[in-house]
Amino acid sequence: MKILAIDTSCDETSVAVSLDDKLQANIISSQVEFHKEWGGVVPIIAKRNHNEKIEFVIEKALKQARYNIEDIDVFAVTYGPGLAVALEVGVNKAKQLASKFKRPLVAVDHMAGHIYANFTKNRNGKYYSGIRKIASNKTSEKDNSIFPLLALLISGGHTEIIYMSKHLDFHKVGKTLDDSLGEAYDKIANMLGWGYPGGPIIEQYAKKGDRDKYDFPVPMKNSKDLNFSYSGLKTAVLYQIKEIGKKTKSKYAQEGKLHKSEPANGDPYSPTLSKKPIYKLTKEESLNVAASFEKAATEELKVKLKQAVDQYPVNKVLLGGGVVNNLYIRKELRRMLRRRNIRMHHPRNRKLLSDNAGMITTTAYYMAKEKQFCNIEDLDRKPRLSL
Ligand code: KG4
Ligand code: ZN
């Protein structure tokens, strides 16, 4: 089965082509440069960019896969969750293609995609996540022994834990009550004047800071459920920044003014315009705040995942979402799970971690095998779709 999938859920225009679950092309055109100066994604800019690029990205994916559009057996598209005006571009294009070429259309949940990135294989039939070392022709039978499993999804819009007893069977057992983890990274980077997206920047700088310098509260540590929360931690970080600023009598940076937080020499990131009023910290203070925040945020993930594997006995945990790029988080989680004899997997391919359509082709492959097609005419984007 040859599948072409489109994902325009946020600020990446992505198109992928697969042969069954074997990825042939996964093209991602990022708009990050266009949104950077605003400190976040601007919907109207995202929409315009998707519209401008979608045709070109489709052509590029087909070319790389060496398929003609007529060869495609199934079309697929992310219909939520995400930005309404951005999703719309992909959904309309996919509907148009499926109608024109009279092929079935699969409507995919973006978060299911982040889980199924772990089931994606390369051209040679090897799983990128190493979830199974040996590829088999009887994939579906063998894959079933992978279950039950837990998936931890940590992205810019979501922080959730999903339990799966078999393919396409999603039970949400924990979720954030306010901000997502990626959002917390982005907001704190903004407070420190480090620009967007904040995750990779904080990770870089946190490595150079003292993780024990500030004792930030670990959110939800004592709650029995598997939910997350990041707004309290975010506020604690903000108060700490103010506190340091007061002590050192540094000036309150004016709203909208460039906040020079003195990035370490030679670092690839430069401070951008910050929209928040912030104190001016020294480089060392900023690095310590970032490091201590990362420690507390990671501790929450560890506490909740530990509770989850105690409640739901599994031998595998899959990770998905942009925040999985973070090596410190991965190392800490792996160590905790290893002690409990649980294997942790994530796609060992950067493209499959952040937003991409490759994970959508894989989800569509499993859905198409079950004939889970949508009614082309009725399909509409669902910005608040939830697993
Ligand atoms: O999954 P993703 O690409 O998009 C959504 O579906 O939201 O996730 C993007 C998020 C952003 O908030 C970004 O700051 C965060 O992932 N992120 C990271 C890292 N790389 C990306 N967070 C922490 N450490 C990283 N290295
Ligand atoms: Zn995502």
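Nothing here was measured: the structure is a model prediction, and the numbers come from that model. Every number for a ligand or one of its atoms is a count from 1 in the order of the listing.
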Item checked: Residue His110 atom name (nearest to the Zn ion (ligand 2); N/O/S) ->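 It is NE2, the N, O or S atom of His110 closest to the Zn ion (ligand 2).
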Checklist line | Among the N, O or S atoms of Asp355, the one nearest the Zn ion (ligand 2) | finding: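 The closest N, O or S atom of Asp355 to the Zn ion (ligand 2) is OD1.
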Notebook entry, point to check: Would Cys10 count as a contact for the Zn ion (ligand 2), in the sense that one of its N, O or S atoms lies under 2.8 Å from it?
Noted result: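 So Cys10 does not bind the Zn ion (ligand 2) by this criterion.
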Next item on the list: Would you confirm whether the ring centroid of Tyr366 sits within less than 6.0 angstrom of the ring centroid of Tyr116?
Entry: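 Yes, ring centres under 6.0 Å apart.
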I need the nearest protein heavy-atom contact for [atom]: residue, atom name and distance, please.
atom                    : value
atom 24 (N) of ligand 1 : Asn326 ND2, 3.0 Å
atom 15 (C) of ligand 1 : Val323 CG2, 3.9 Å
atom 20 (N) of ligand 1 : Gly322 O, 3.5 Å
atom 25 (C) of ligand 1 : Gly199 C, 3.6 Å

Notebook entry, point to check: Quick one: is the NZ or CZ of Arg211 closer than 6.0 Å to the six-membered ring centre of Phe293, and within 45° of its axis?
Noted result: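 Judged by the rule (NZ or CZ under 6.0 Å from the ring centre, within 45° of its axis), Arg211 is not positioned above Phe293.
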Next item on the list: Compute both the distance and the angle, then confirm whether Lys382 meets the cation-pi test with Tyr79: under 6.0 Å from the six-membered ring centre, within 45 degrees of the axis.
Entry: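 No; the conditions do not both hold, so Lys382 does not lie above the ring face of Tyr79.
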Need the ligand 1 atom indices (1-based, order shown) with element for anything under 4.0 Å from a heavy-atom of [X].
X      : value
Glu203 : 25 (C), 26 (N)
His114 : 1 (O), 6 (O)
Gly321 : 1 (O)
Gly157 : 7 (O)
Asn325 : 20 (N), 26 (N)

Notebook entry, point to check: Which bit of His158 gets closer than 4.0 Å to ligand 1, counting heavy atoms only: side chain, backbone, both or neither?
Noted result: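 His158 to ligand 1: no contact under 4.0 Å from either part.
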Next item on the list: Give the contacting part of Asp186 toward ligand 1: side chain, backbone, both or neither, where contact means a heavy-atom distance below 4.0 Å.
Entry: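 Asp186 to ligand 1: side-chain contact only, backbone stays beyond 4.0 Å.
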Next item on the list: Kindly confirm or rule out an N or O of Gly156 lying under 3.5 angstrom from an N or O of ligand 1.
Entry: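 Yes, Gly156 has an N/O under 3.5 Å of an N/O on ligand 1.
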Note to self: Under 3.5 Å between any N/O of Gly182 and any N/O of ligand 1: does that happen in this structure?
What the structure shows: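 Yes, Gly182 has an N/O under 3.5 Å of an N/O on ligand 1.
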Check: Does Leu4 reach the side chain of Tyr67, with side-chain heavy atoms less than 4.5 Å apart?
Finding: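 The answer is no; the side chains never approach within 4.5 Å.
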Item checked: Non-hydrogen side-chain atoms of Ile342 and Lys316 separated by less than 4.5 Å ->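 The answer is no, as the side chains (C-beta and beyond) never meet within the 4.5 Å cut-off.
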Margin query: What I want to check is whether the side chains of Glu294 and Tyr185 have a donor and an acceptor closer together than 3.5 Å.
Written below: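 Indeed, the side chains of Glu294 and Tyr185 share at least one donor-acceptor pair under 3.5 Å.
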Margin query: Within this structure, what is the CG-CD1 distance for the pair Leu333 and Ile154, rounded to the nearest 0.5 Å?
Written below: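 That separation rounds to 6.5 Å.
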Margin query: More than 12 heavy atoms of other residues, nucleotides or ligands under 6.0 Å from CD of Glu70: yes or no?
Written below: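 Counting other residues, nucleotides and ligands, CD of Glu70 exceeds 12 neighbours.
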Next item on the list: Might you confirm whether atom NZ of Lys207 has over 12 heavy atoms from other residues, nucleotides or ligands at distances under 6.0 Å?
Entry: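 For Lys207, atom NZ is crowded (more than 12 foreign heavy atoms under 6.0 Å).
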Checklist line | Ile154, Asp355, Asp11, Asp7: member with heavy atom nearest to atom 4 (O) of ligand 1 | finding: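 Nearest heavy atom to atom 4 (O) of ligand 1 lies in Asp355.
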Next item on the list: Describe, in one word, how the ring planes of Phe147 and His167 are oriented to each other, choosing from parallel (under 30°), tilted (30 to 60°) and perpendicular (over 60°).
Entry: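 Perpendicular, since the angle between the ring planes exceeds 60°.
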